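For reference, the structure is listed below as structure tokens.
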Protein chains: 2
Amino acid sequence: MKITIGEIANQAGVSTGTVSRVINGKPTVASETRATVLAVMKKLGYEPDPVARELSRRTKHTLGIWVGAGENRLSPYFNVIWRALMREMQLHATQFVELPVDITQVRRRMDAVLLFHCADIDQRLDTLWRRGVPGALIGHHPGVSCVAPDDMGGGRMAAAKLLSLGHRDLLHLTVSDEHQWAVDRAAGFAASLAEGSSASLAPVILRGGGSVLGGYRLMRDAWQQGHRPTGIFCATDEMAVGALGALADLGVSVPGQVSVLGFDGLVDLYPGLASVAQDIPAIAQEAVTLALGAIEREVVRHVVVPVQIIEGTTLGPAPGKRPH
Amino acid sequence: MKITIGEIANQAGVSTGTVSRVINGKPTVASETRATVLAVMKKLGYEPDPVARELSRRTKHTLGIWVGAGENRLSPYFNVIWRALMREMQLHATQFVELPVDITQVRRRMDAVLLFHCADIDQRLDTLWRRGVPGALIGHHPGVSCVAPDDMGGGRMAAAKLLSLGHRDLLHLTVSDEHQWAVDRAAGFAASLAEGSSASLAPVILRGGGSVLGGYRLMRDAWQQGHRPTGIFCATDEMAVGALGALADLGVSVPGQVSVLGFDGLVDLYPGLASVAQDIPAIAQEAVTLALGAIEREVVRHVVVPVQIIEGTTLGPAPGKRPH
DNA sequence: CTGAAAGCGCTTACAG
DNA sequence: CTGAAAGCGCTTACAG
């Protein structure tokens, strides 16, 4: 039998209202009472029913999600962040609608809209503005709440990591489109190298398609044209997977001859892939929080979520160097 | 203001119970009453609240989803079917838990489990059996309810399509792992060719990785080894994308010199991709229906969902032939 | 700080 | 065939 708030209330000797207040972390509960209730909840392995919560919360919100036109909805990254967003909305007991590019078609009421990697942000915000729907976005933009990974910092971390392994001949593979994230990752990478204490280094930067095939071709062509980097930083993990495929086909050993570092943290794409990992769950959580906050006209916030390097077997010391 | 069952009842001059019966297609409603209610619902653009439905339906179900160990959760196909499953569960107001490989860890109660592309089906069913949880699966297996696309028929359709375009030199790229779907697609393709009225044809079959890179390498190597097929059938769209990439790099024109046909229907992967398309929404719907049916110990059913060729610009008549 | 009670939008026995 | 009523598991003013 499913265990409910009523059962908790019984065993804790309080009312269901109090149990509810504990669940929701309301401040108006005596700490002793709170402890008792928490103990009973734990003992019984209670988990609140999200469905009932959603129904009873007066203010039920539905969030629109509006994805940029160019976004590849089949990419691994989209896949992962989408699932994280879904999970987050479920926890917040929030419904959602995925918006078509032409938003005027949409009948369902939306309380707020989350823009995801849209290039034409201004125009879309304008459309929302006219409909009186507040927005938040994953990315960067003045005047609205935003959340994004620390792309610039991640680029810097990539540089620092490769430098610390002794690499001096560096290659950066990125996308030819001027996405903010790509620009920032490249800028962070280059800036950090330029600041190097000894000789200031400049990476070779090559641009192409953002897919696995894009990375493959860039890497293959670069090598065949005589480039001999020992440290390669890719703007996405997909590109890194492609680059690794090309290196394998070229007979170049990784990480013996060449180290490869991706970005995003999708290390399941390739065994041992090293990557500057985004904290996708945190981004999704912030995104939903910001969008929900926008409904209440909360103050605009810009959240930058830290990234973190996941070491893998595609990273090693530069040939002839010892690691330190 | 959200429009509810009460409002419908008011305007239709009936009770909410009757409206509910109409919504749920219960037979015990006078057809005249039904028509009135339906009309009001339509006029007001009413959509039942799935959350409220779930809460009030006495029997709330939680479905476990158990994904095969080898399944690439980042692949486009997984992405698409996963989203279709989520949507279906939402419509059925069914909760779900994604199960880890080690199911003994799971605390939450599950009413049924949906197995997705598992290789070790027998063993998993056994585990479920011991826990008294019924199962259904996407794939094929005797003794449990199953749903799967018509892999064999799709292979036949691929053969028929390429033959009708005049292609006689055929290549099939597939995965090296012995997945049921891969085996069936290849078998259908080969069987259909062998039955050809004139000379019986045999395709060259090459096996490799199922990813884009796998398709790329198979295609490139085949061409460089002197294979000169004019019609290429790939077991997955991802492989087709890879093959198309290789052909582009080799300077082979598509569909001028070579036609390429994928499988799955993920035509957004590549502009103009021709593909034997699975009806993924239908599969997801059946899957959830079967799993929910298994709870009621309904009779075991095996559902095969038809596939359909999506024509694209990667398909054309064999060189020197006119289309008919 | 806490309880009693109403209500979220539906479904479903129970009567009639 | 249909209505009145209870109930799904929670949250939240309203009192105290």
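Chain naming here is simple, since letters A, B, ... match the order of the sequence lines and numbering starts at 1 in each. In this text the structure is predicted, and so the values were computed from the model without any measurement.
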Expected output check: what is the dot-bracket annotation of DNA chain D, where ( ) and [ ] are pairs inside the strand (brackets for crossing ones), | is paired with another strand, and pairs are Watson-Crick or G-U under 3.5 Å? |||.||||||||.|||

Spell out yes or no: do the side chain of Ser56(A) and the base of dC8(C) have one donor N/O and one acceptor N/O closer than 3.5 Å? no

Has Thr18(B) got a side-chain N or O lying under 4.0 Å from the OP1 or OP2 atom of dT2(D)? no

Heavy atoms under 4.0 Å, any strand shown: does Val19(B) hit a base, just sugar-phosphate, or nothing? nothing

Tightest non-hydrogen contact, residues Cys118(A) and Leu115(A), listed as SG-CB, 4.0 Å

Nearest-Å distance for atom pair CD1/P, residues Ile8(B) and dC10(C): 9 Å

Specify the separation, in whole Å, of atom CE of Met41(B) and atom P of dG9(C). 17 Å

Check every atom of dC10(D), dG3(D), dT2(C) against the side chain of Ser15(B) and return the nucleotide holding the closest atom. dG3(D)

Without decimals, in angstroms, what is the distance between Asn10(A) CG and dA4(C) P? 12 Å

Approximate separation, where rounding is to 0.5 Å, of Asp184(B) CG and Asp151(B) CG: 5.5 Å

Which side-chain N or O atoms in residues 10-17 of chain B pair as donor and acceptor under 3.5 Å with protein atoms at least two apart or in another chain?
residue  : atom : partner  : partner atom : Å
Gln11(B) : OE1  : Lys43(B) : NZ           : 3.4
Gln11(B) : NE2  : Glu7(B)  : OE2          : 3.0
Ser15(B) : OG   : Gly17(B) : N            : 3.4
Ser15(B) : OG   : Thr18(B) : N            : 3.4
Ser15(B) : OG   : Thr18(B) : OG1          : 3.4

Integer angstrom distance from the P of dT2(C) to that of dA6(C): 22 Å

Using the test ring pair (Phe, Tyr, Trp, His ring centres under 6.0 Å), find all partners of Phe116(A) that sit at least two apart in sequence or belong to another chain. Phe78(A)

Establish, with yes or no, whether the OP1 or OP2 oxygen of dT2(C) is under 4.0 angstrom from a side-chain nitrogen or oxygen of Thr33(A). yes

N/O donor to acceptor pairs below 3.5 angstrom from side-chain atoms of residues 137-147 of chain B, sequence neighbours left out:
residue   : atom : partner   : partner atom : Å
His140(B) : NE2  : Gln180(B) : NE2          : 3.4
His141(B) : NE2  : Asp122(B) : OD1          : 3.0
Ser145(B) : OG   : Arg301(B) : N            : 2.9

Only distances under 3.5 Å count here; give the side-chain donor-acceptor pairs of residues 30-39 of chain B to other protein atoms, sequence neighbours excluded, each with its distance to 0.1 Å.
residue  : atom : partner  : partner atom : Å
Arg34(B) : NH2  : Lys26(B) : O            : 2.8
Thr36(B) : OG1  : Glu32(B) : O            : 2.9

When all nucleic acid strands are considered with a 4.0 Å heavy-atom cut-off, which category describes Ser20(B): base, sugar-phosphate, or nothing? base

Short of 4.0 Å, heavy atom to strand atom, which residues of residues 21-31 of chain B count as contacting DNA chain C? Arg21(B), Asn24(B), Lys26(B)

Take a 6.0 Å sphere around CD of Gln308(A) and say whether it holds more than 12 heavy atoms from other residues, nucleotides or ligands. no

How close do Val305(B) and Ala282(B) get, counting heavy atoms only, and between which atoms? CG1-CB, 4.0 Å

Nearest-Å distance once atom P is located in both dT11(C) and dA15(C): 22 Å

Gap between atoms CG and P, on Leu55(A) and dC8(C) respectively (whole Å): 9 Å

Taking atom C1' in both dG16(C) and dT12(C), compute the distance separating them and give it to the nearest angstrom. 16 Å

Any side-chain heavy-atom pair of Tyr46(B) and Ile23(B) under 4.5 Å: yes

Spacing of Ile5(B) atom CD1 relative to dG7(C) atom C1', expressed in whole Å: 16 Å

